[in-house]
**Q** 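Before I ask anything, here is the structure I am working with.
Per chain, numbering begins at 1; letters A, B, ... match sequence-line order. Keep in mind that what you see is a predicted model, and the values were worked out from it rather than measured.
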There are 2 protein chains.
Amino acid sequence: MKETFGEYIKLLRTKNGLTLTKLAAQLDLDAANLSKIENGKRDFDEKRLSKLAAIFELSAQELQDEYVSDRLAKHIYEMDCSSELLKVAEEKAAYRRTLKK
Amino acid sequence: MKETFGEYIKLLRTKNGLTLTKLAAQLDLDAANLSKIENGKRDFDEKRLSKLAAIFELSAQELQDEYVSDRLAKHIYEMDCSSELLKVAEEKAAYRRTLKK
DNA sequence: ATTTGACTTGTCAATCTTTGACAAAGATAT
DNA sequence: ATATCTTTGTCAAAGATTGACAAGTCAAAT
């Protein structure tokens, strides 16, 4: 079962023996705010994904996917949405794609 | 294939022979803003769902589902998210539910 | 027991986003 | 034409998010 994006960052950080302060500096962030991100109290800003990928030498695409699925998961969780509703939503998203053409 | 929530409102409105101005008044809204909602340029605010249900005598639960699935669809659409990623997101949402206990 | 370093939490102003309101301009019908 | 309905643009107000800093806890070392 997959972790949250915050937990994912924390794992990366600790596996690489970095402190909050050090990683935060590389991400151009306050250590306090990075802590909140790791603990799910704030969101990681998309504009820092490229820095994160560079620091840990990750595939930009995989990281992006990790990020996007986490954001979506957050929405699904917050909306308290059943699996059936999710299916409907997926169809409606497909419909929206047909509109924008 | 399902319509957007804005289109859904427009359908309800026209089927019942209401003008934007009349429906907007009942929803405590400006007609101009209701127009934007129907045309997908603004979001319908959740706090007005109960009024909408009352006006058209709809099941509150069904309307809520219509609304939630639309919002999620919008997110899915905006994130340009594949069906596989969506599955991952669903799992991650399940994981989040395990955390909050 | 004090210091040090790592992390967490609270707060608040600055910034970004969304909303409500109104004016003005297109449509459409009479 | 006029009248009514709808759409679009703009902008300040309200709301949400972020960055920054202070103050806190905790554990390990000395």
**Q** Around atom CD of B:Glu78, are there more than 12 heavy atoms from other residues, nucleotides or ligands closer than 6.0 Å?
**A** yes

**Q** Ignoring backbone atoms, establish whether A:Lys36 has a side-chain N or O less than 4.0 Å from OP1 or OP2 of D:dC21.
**A**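 Looking at the OP1 and OP2 atoms of D:dC21, neither is under 4.0 Å from any side-chain N or O of A:Lys36.
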
**Q** Send over the distance from A:Glu46 CD to C:dC16 P, rounded to a whole Å.
**A** 16 Å

**Q** When rounded to the nearest 0.5 angstrom, what distance separates CG in B:Leu12 from CG in B:Leu52?
**A** 6.5 Å

**Q** Could you walk me through whether A:Tyr8 and A:Glu38 satisfy the side-chain hydrogen bond (donor to acceptor under 3.5 Å, both in side chains) test, starting with their C-alpha distance in whole Å, then the side-chain angles of each, then the deciding distance to 0.1 Å, before giving a yes or no?
**A** CA-CA 8 Å; A:Tyr8 175 67; A:Glu38 289 187 350; over 6 Å; no

**Q** Check this for me, if you would: do B:Glu90 and A:Lys87 make a salt bridge, where the nitrogen-to-carboxylate-oxygen distance has to be below 4.0 angstrom?
**A** no

**Q** Counting only heavy atoms from other residues, nucleotides and ligands, does the tally under 6.0 Å from NZ of A:Lys51 exceed 12?
**A**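 Buried by this count: over 12 neighbours within 6.0 Å.
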
**Q** How many whole angstroms separate atom CD1 of A:Ile37 from atom P of C:dC7?
**A** 14 Å

**Q** In whole angstrom, what separates A:Asn33's CG from C:dA14's P?
**A**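 Checked: the CG to P distance equals 17 Å.
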
**Q** Whole angstroms only, please: what is the NZ-P distance between B:Lys22 and D:dT4?
**A** 12 Å

**Q** Check DNA chain D against residues 10-19 of chain B and give the residues with a non-hydrogen atom under 4.0 Å, in numerical order.
**A**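 Residues of residues 10-19 of chain B under 4.0 Å from DNA chain D: B:Lys10, B:Arg13, B:Thr19.
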
**Q** To the nearest 0.5 Å, what is the distance between CG (A:Leu86) and NE2 (A:His75)?
**A**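 Here the interatomic distance stands at 13.0 Å.
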
**Q** Supply the atom-to-atom distance B:Gln64 CD to B:Leu58 CG, rounded to the nearest 0.5 angstrom.
**A**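 Between B:Gln64 CD and B:Leu58 CG, I get 13.0 Å after rounding to 0.5 Å.
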
**Q** Working to the nearest 0.5 Å, report the span between OH of B:Tyr95 and OG1 of A:Thr4.
**A** 6.0 Å

**Q** So, is A:Ser35 close to the C:dT8 phosphate, meaning a side-chain N or O under 4.0 Å from OP1 or OP2?
**A** yes

**Q** How would nucleotides 23-30 of chain D be written as a contact map, 5' to 3', with B for base contact, S for sugar-phosphate-only contact and - for no contact, using protein heavy atoms under 4.0 Å?
**A** --------

**Q** Should B:Asp43 and B:Arg71 count as an ion pair when the cut-off is N to O under 4.0 Å?
**A**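 Result for this pair is yes, salt bridge flagged.
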
**Q** Atom CG of B:Leu34 and atom P of D:dT6: how far apart are they, to the nearest Å?
**A**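 One finds 9 Å between P of D:dT6 and CG of B:Leu34, rounded.
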
**Q** Out of C:dT19, D:dG19, C:dT9, which has the shortest distance to the side chain of B:Asp43?
**A** C:dT19

**Q** Distance check, rounded to the nearest 0.5 Å: B:Ile9 atom CD1 versus B:Asn39 atom CG?
**A**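 B:Ile9 atom CD1 to B:Asn39 atom CG measures 11.0 Å (nearest 0.5 Å).
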
**Q** For C:dT8, does OP1 or OP2 lie under 4.0 Å from any side-chain N or O of A:Asn39?
**A**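 Answer yes for this pair, as a side-chain N or O of A:Asn39 is under 4.0 Å from OP1 or OP2.
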
**Q** Would you indicate which nucleotide in C:dC7, C:dC22, C:dG20 comes nearest to any side-chain atom of A:Leu20?
**A**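 Within the option list, the nearest is C:dC7.
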
**Q** If each of B:Asp30 and B:Asp45 is mapped to the nucleotide of DNA chain C with the nearest heavy atom, which maps nearer the 5' terminus, i.e. the 5' end?
**A**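 In this pair, the answer is B:Asp45.
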
**Q** Under 4.0 Å between a side-chain N/O of B:Lys41 and OP1 or OP2 of D:dT10, yes or no?
**A** no

**Q** Using the closest heavy atom to pick a nucleotide of DNA chain D for each, name whichever of A:Leu29 or B:Ala31 lands nearer the 5' end.
**A**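 Nearer the 5' end of the strand: B:Ala31.
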
**Q** On the nucleotide C:dT8, are OP1 or OP2 found under 4.0 Å from the side-chain N or O atoms that A:Arg42 carries?
**A** no

**Q** Please state how far atom CD in B:Glu78 lies from atom P in C:dT17, giving the value in whole angstrom units.
**A**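 For the pair B:Glu78 CD and C:dT17 P, the rounded distance is 13 Å.
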
